[in-house]
Peer 1: 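Before I ask anything, let me first share the structure, which is written out below as structure tokens.
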Amino acid sequence: MLHHPTCLFPLTYNRDSGNIDETELLALLQLLRSKNEAFVIGAYLLKLDSSAEVSRSEAISKLGECEKYMASMLYVEDAAKKFECMLHKVQLQSFVKDLGEAVACARNSNKL
């Protein structure tokens, strides 16, 4: 994963893909937590909040990258829908760019 998990929260919340490409968005969409995973990670974080032994940020730093990503996405409402929106936006931008290049090529063709 090229992007730090916690940096994805504002992008996802605002449905702004930033510089994330289509392939990365597809991978991140597939890595979204299931309901069971959300429950387990949520319970883990709730347990941390009630314990004074370890700070939350310290405990999260011990998680793997995938779990950090899932933890950061816990607070994004309709995360899958937002990722799909960003994916469609990136795909549309790519299509429009390709179409513009094809039109430019056709205009410059001697056959027209």
Side-chain angles (χ1 to χ4, degrees):
M1 184 178 308
L2 298 175
H3 302 278
H4 192 275
T6 55
C7 295
L8 293 169
F9 177 82
L11 294 176
T12 308
Y13 186 81
N14 296 317
R15 282 170 260 153
D16 176 17
S17 60
N19 62 350
I20 302 174
D21 66 15
E22 181 179 351
T23 306
E24 285 182 280
L25 283 171
L26 281 169
L28 291 169
L29 181 60
Q30 291 175 348
L31 287 174
L32 281 176
R33 77 271 185 240
S34 66
K35 288 183 180 183
N36 186 40
E37 290 166 331
F39 176 77
V40 170
I41 292 174
Y44 172 73
L45 294 175
L46 193 61
K47 181 180 173 186
L48 288 176
D49 289 341
S50 63
S51 169
E53 296 174 16
V54 180
S55 72
R56 185 180 195 151
S57 60
E58 182 182 337
I60 288 176
S61 71
K62 293 179 183 178
L63 294 173
E65 290 300 311
C66 189
E67 288 79 14
K68 288 178 186 176
Y69 169 68
M70 289 180 193
S72 68
M73 291 295 112
L74 280 177
Y75 306 103
V76 178
E77 190 176 334
D78 296 325
K81 289 180 182 178
K82 289 180 180 179
F83 267 100
E84 288 172 2
C85 177
M86 290 187 298
L87 180 61
H88 293 307
K89 181 179 176 183
V90 167
Q91 289 171 333
L92 180 63
Q93 289 170 339
S94 176
F95 176 75
V96 168
K97 180 183 174 220
D98 291 345
L99 183 61
E101 290 171 0
V103 169
C105 183
R107 282 185 180 157
N108 294 332
S109 172
N110 291 330
K111 295 180 181 180
L112 288 180

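We use all heavy atoms of the structure for the numbers below, so side chains are in, but hydrogens, waters and symmetry mates are not.
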Peer 1: Let me confirm one number: the CG-CD distance from L26 to E24, rounded to the nearest 0.5 Å.
Peer 2: 10.5 Å

Peer 1: Provide the closest heavy-atom pair for I41 versus M70 in the form atom of the first, atom of the second, distance.
Peer 2: CD1-CB, 3.4 Å

Peer 1: For the residue pair L32 and E37, what are the closest heavy atoms and their distance?
Peer 2: O-OE1, 4.2 Å

Peer 1: List in chain and number order the residues that pass side-chain contact (heavy atoms from CB on, under 4.5 Å) with A27, two or more places apart in sequence or in another chain; answer none if no residue qualifies.
Peer 2: none

Peer 1: Would you compute the distance between atom NZ of K89 and atom CG of L25 and round it to the nearest 0.5 angstrom?
Peer 2: 11.0 Å

Peer 1: Can you name the residues that form a side chain to side chain donor-acceptor pair (under 3.5 Å) with E84, not counting sequence neighbours?
Peer 2: none

Peer 1: Side-chain contact test, heavy atoms from C-beta onward, threshold under 4.5 Å: evaluate it for Q93 versus V96 and give yes or no.
Peer 2: no

Peer 1: Please list, chain by chain and in numerical order, all residues satisfying side-chain contact (heavy atoms from CB on, under 4.5 Å) with Q30, sequence neighbours excluded.
Peer 2: none

Peer 1: Quick check for you: to the nearest 0.5 Å, what is the distance between L87 atom CG and L92 atom CG?
Peer 2: 11.0 Å

